[in-house]
2 protein chains.
Amino acid sequence: MRILLVEDDEKTAEAVSASLTAAGYAVDHEADGEEAWFKGDTEPYAAIVLDLGLPGMDGLSVLRKWRQAGQTFPVLILTARGDWSERVEGIDTGADDYLPKPFQMQELIARLRAIIRRSAGQATPVITISTVSLDTRQMRVTVDGVPIHLPPQEYRLVSYLMHHAGRVVSQHELTEQLYAQDFERDSNAVEVLVGRVRKKLGVDLIQTRRGFGYVIEEPES
Amino acid sequence: MRILLVEDDEKTAEAVSASLTAAGYAVDHEADGEEAWFKGDTEPYAAIVLDLGLPGMDGLSVLRKWRQAGQTFPVLILTARGDWSERVEGIDTGADDYLPKPFQMQELIARLRAIIRRSAGQATPVITISTVSLDTRQMRVTVDGVPIHLPPQEYRLVSYLMHHAGRVVSQHELTEQLYAQDFERDSNAVEVLVGRVRKKLGVDLIQTRRGFGYVIEEPES
DNA sequence: ACGGCATTGTCAGCTTTTTGTCAGGTAGAA
DNA sequence: TTCTACCTGACAAAAAGCTGACAATGCCGT
């Protein structure tokens, strides 16, 4: 299985590369963002390990371009520990997992295995439920084919609920997903958010399970 | 569905236990390795959540002994974040998945569900008894296919009884499951709850065993 | 830099739902 | 019958969620 490692720090790159090779992967290494983008777009990789701070082109931009081009390979992002904003952006952009630096090689390998396995099952760039579609590539929502503009936070809410359609998602879980860890717990921000989204996408899409959370119901099973 | 939680840290154990219970599982808790081994080898668990560093017998040894004895239940291992070597060993030994601490409860539950489903081949997150179905994902109850709205406390009651179908559950046990420990003991809240649920799901579903408790009878087979 | 617009969290008030309590009623068992 | 366990309808307090208004913040174009 071929892995593309995008990492500009040479020492890290060598170490990671050696470990992945030892684990049985065929590893291509790229240090420059633009080069990496080209390779990812043209070669059939099983997964990509992507460091952010790159020369040439920023890591997130590279990822964004891949996704826009329709590439669905799983991407594991290496981030500086605790960098919340990078994480959120990564989610928006379509990363599959994050590994805070510094990390152990075994952990990297385990996570890589996990996302490869996961991606083998499902990778849909567009989720549609009743009249609402979520295009994760273009980060766009349409209702009856009409594009609806959603600001970032509202988009994330819809995205999360649609990715977990059919499951009740508690307010607490949503708070964890949408806000930094130290966010005030007794805020009603999520409720407000839900209200705003409902106003735009229709009141029926997101249902309230009073006392439990919110659901977007799956089309009948 | 019964889960065996093997965890020596009391705080963690309580938190995990509460979440799993809330998710509809019947949780047995064991802190000692040898005790855990015996229980796992003799009781029919749907899955086991296994923490490593244990007193009595090391967690991995316990797992190894189970596997040598031919036990096939899925095992989810909890590991300390840094302790990746344990993780790798755990997988080798026959663990089905592992979760690094600290983790989010929702993640634990999701993974647990996943390995249980995998091990059962085609198990669904839905329990059906006669005309009544309980969908644990959507947290919804249907009667003859018609969704019935149940508020949290009523839902929990039904969920608990259905997960323990065929067994008489005492009022005291229900009180322990549904209310905080210091709940007034001479309250008839459970009776009221049962009444309300019966009104919605039909009077036959929950049967009274005067002097003992309540049962939902399993469909004989 | 400045003004305007978009975004988003907070807040207060309001509506709806949930749920325990209570006071009697009913029914099974001895 | 009589005791006890359980059931039920009404009620009120509390909780949960919704909404409009507002303010802080940040962004964009001039």
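A, B, ... follow the sequence lines: proteins, then strands. Residue 1 opens every chain.
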Between [X] and [N], is there a side-chain N or O to OP1/OP2 distance below 4.0 Å?
X      : N      : answer
B:S187 : C:dT21 : yes
A:K199 : D:dG20 : yes
B:T208 : D:dA5  : no

B:D144 side chain to B:V146 backbone, donor-acceptor under 3.5 Å: no

Can you check the [X] [atom1] to [N] [atom2] distance for me, whole Å?
X      : N      : atom1 : atom2 : answer
A:L193 : D:dC18 : CG    : C1'   : 14 Å
B:Q153 : C:dT17 : CD    : C1'   : 14 Å
A:E191 : C:dG13 : CD    : C1'   : 14 Å
A:F212 : C:dT19 : CZ    : C1'   : 13 Å
B:Y155 : D:dA16 : OH    : C1'   : 19 Å
B:K200 : C:dT17 : NZ    : P     : 11 Å
A:R198 : D:dT19 : CZ    : P     : 7 Å

Would you state whether a donor and an acceptor, one from the side chain of [X] and one from the base of [N], lie under 3.5 Å apart?
X      : N      : answer
A:R210 : C:dT16 : yes
B:R196 : C:dG20 : yes
B:N188 : D:dT8  : yes

Under a 4.0 Å threshold between the charged nitrogen and the carboxylate oxygen, would A:R210 count as salt-bridged to B:E154? no

To the nearest 0.5 angstrom, please state how far the CG atom of A:L205 sits from the NZ atom of A:K200. 14.0 Å

Taking any heavy-atom pair under 4.0 Å as a contact, classify A:V194: base, sugar-phosphate, or nothing. nothing

Within a strict 4.5 Å, meaning less than it, do heavy atoms of the B:V27 and B:V16 side chains meet? no

